[in-house]
There are 2 protein chains.
Amino acid sequence: MPPFALNDFLPYRLAVAAARVSRAFERRYMAETGLSVSEWRVMAHLLHEGEVSVREIEARVDMEKSKVSRAASRLEADGMITKVVNPDDRRLVSLSLTDKGRALMDKLIPMANTFQAELKALLGPDVDQFDTALSTIMKDKL
Amino acid sequence: MPPFALNDFLPYRLAVAAARVSRAFERRYMAETGLSVSEWRVMAHLLHEGEVSVREIEARVDMEKSKVSRAASRLEADGMITKVVNPDDRRLVSLSLTDKGRALMDKLIPMANTFQAELKALLGPDVDQFDTALSTIMKDKL
DNA sequence: GGTTATTCATTGCACTTGCAACAAAGTCAA
DNA sequence: TTGACTTTGTTGCAAGTGCAATGAATAACC
């Protein structure tokens with residue numbers, strides 16, 4: 001048994017790398033908009049999908065439903081989204097961006113694209129297999 | 001401007017993948033030992049480095065000092081480590097594994113190695129460039 | 001149709017976290 | 001030595017989190 005080195009432990013390395021990237025993105029862009037990562041995910045999904053329920057987001061954005069629910073409440077309080085009970089199934093809540101929310105995303109999306117471009121540039125030619133590996137992990141049950 | 005898809009956003013993908021792996025490891029192995037990820041990191045570093053201060057761990061294990069401090073307190077309460085004031089510089093606290101802590105790690109390390117081996121197998125040939133990419137991110141300031 | 005199950009979103013609770021503030025200990029220079 | 005500054009670890013506080021429990025709405029079954 002070799003002496004265990006945390007620094008070479010793949011799950012640790014992955015966690016640290018993810019935290020760094022996430023934090024860098026948060027610091028550079030979202031902080032000035034007042035959004036947290038959870039809120040950013042909800043907003044980004046709404047921008048892409050239009051009107052969507054909490055459970056829809058839970059399933060597609062890798063967040064607990066309580067987390068989605070609370071992020072949505074904060075966003076609603078800030079006027080970024082609206083929450084409306086779905087008349088066809090009154091258990092569901094339809095979330096959608098307000099004009100203010102859309103305006104915020106209009107600013108944020110270019111920043112996100114810039115950030116991603118920088119990250120890809122940093123990784124260089126490894127980026128493709130890196131991305132493939134992420135897909136593999138995301139698809140797998142583990 | 002292309003329509004922004006969160007699912008293709010590299011920071012998001014990285015965060016989701018990391019959370020999946022981390023959670024899988026936690027569920028499968030650490031839960032039964034009662035360790036959290038923070039505590040696992042402290043223990044693993046102590047196993048590798050021997051007697052070490054809080055600030056040492058903070059610098060080497062990517063954790064805030066308050067997080068390290070609290071993890072250490074929990075571990076001490078559980079009898080896994082000891083905390084002793086360093087007589088040469090009484091601001092420093094020397095952390096080290098107890099016999100009980102070492103015994104726990106003797107069980108946990110093989111599990112960690114198994115888990116890592118499974119993860120590497122899952123990734124297949126992409127694993128090398130994946131790991132390289134993680135190194136690049138960890139080294140970069142971002 | 002009426003009862004039982006299931007689904008959806010929210011909330012209470014205990015816990016963790018990050019940050020700033022803090023006290024104690026050490027360093028340094030005059 | 002004294003006094004200002006720095007370093008180290010802990011803690012108070014506000015905020016976020018996961019999980020279980022809840023209430024409301026719908027579906028499923030006899």
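Protein chains get the first letters and strands the later ones, always in sequence-line order, with residue 1 at the start of each. Hydrogens, waters and symmetry mates play no part in the numbers below; they use all other heavy atoms, side chains included.
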Q.
What's the closest nucleotide to the side chain of A/Ser53 if the choices are D/dG9, C/dT11, C/dA9?
A. C/dA9
**Q.** For atom CD of B/Glu26 and atom C1' of D/dC19, their distance in whole Å
**A.** 13 Å
Q. Would you find a donor on one side and an acceptor on the other, under 3.5 Å apart, between the side chain of B/Thr98 and the backbone of B/Met80?
A. yes
Q: Would you mind telling me which residue lines up with the more 5' stretch of DNA chain C, A/Ala72 or A/Arg23, judged by nearest nucleotide?
A: A/Ala72
Q: Just jot down the side chain to side chain donor-acceptor pair (under 3.5 Å) partners of A/Asp99, sequence neighbours excluded, or say none.
A: A/Arg102
Q.
If you apply the rule side chain to side chain contact (heavy atoms under 4.5 Å, CB included), what do you find for A/Ile137 with B/Leu123, and how did you get there?
A. CA-CA 8 Å; A/Ile137 293 172; B/Leu123 297 182; 3.8 Å; yes
Q. Quick one: are the ring centres of A/Tyr12 and B/Phe25 less than 6.0 Å apart?
A. no
Q) Does A/Arg55 put a side-chain nitrogen or oxygen below 4.0 Å from OP1 or OP2 of C/dT10? A) no
Q: State yes or no: are the ring centers of B/Trp40 and A/Phe4 separated by less than 6.0 Å?
A: yes
Q) A/Arg60 has an atom CZ; how far is it from atom C1' of C/dC8, in whole Å? A) 18 Å
Q) What is the distance, rounded to the nearest whole Å, between atom CZ of B/Arg41 and atom C1' of C/dT17? A) 13 Å
**Q.** Separation of C/dA9 P from A/Lys83 NZ (nearest whole Å)
**A.** 10 Å
Q: Would you mind reading off the distance between B/Leu92 atom CG and D/dT7 atom P, rounded to a whole angstrom?
A: 13 Å
Q: Any chance you could list the contact pattern along nucleotides 21-27 of chain D? Use B for base contacts, S for sugar-phosphate-only contacts and - for none, protein heavy atoms under 4.0 Å, 5' to 3'.
A: ----BS-
Q.
Distance alone, cut at 3.5 Å: any donor-acceptor contact between the side chains of B/Ser96 and B/Thr82?
A. yes
Shorter than 3.5 Å, N or O on both sides, protein versus nucleotides 14-17 of chain D: list them out with atom names.
{"from": "D/dT17", "atom 1": "OP1", "to": "A/Ser38", "atom 2": "OG", "distance (Å)": "3.2"}

Q.
Ignoring hydrogens and geometry beyond distance, is a side-chain donor-acceptor pair present between A/Arg13 and B/Ser135 at under 3.5 Å?
A. yes
Q) Would one find a side-chain N or O of B/Ser69 under 4.0 angstrom from OP1 or OP2 of D/dT10? A) yes
Q. Which whole-number value in Å describes the distance from A/Met63 CE to C/dA9 P?
A. 13 Å
Q. D/dG18 phosphate, OP1 or OP2: any side-chain N/O from B/Arg27 under 4.0 angstrom?
A. no
Q: Can you measure from CG (B/Leu104) to CE (B/Met30) and round to the nearest 0.5 angstrom?
A: 10.5 Å
**Q.** B/Ile81 CD1 - D/dG9 C1' separation (whole Å)
**A.** 13 Å
Q | Within 6.0 angstrom of B/Lys107 NZ, more than 12 heavy atoms from elsewhere | A | no
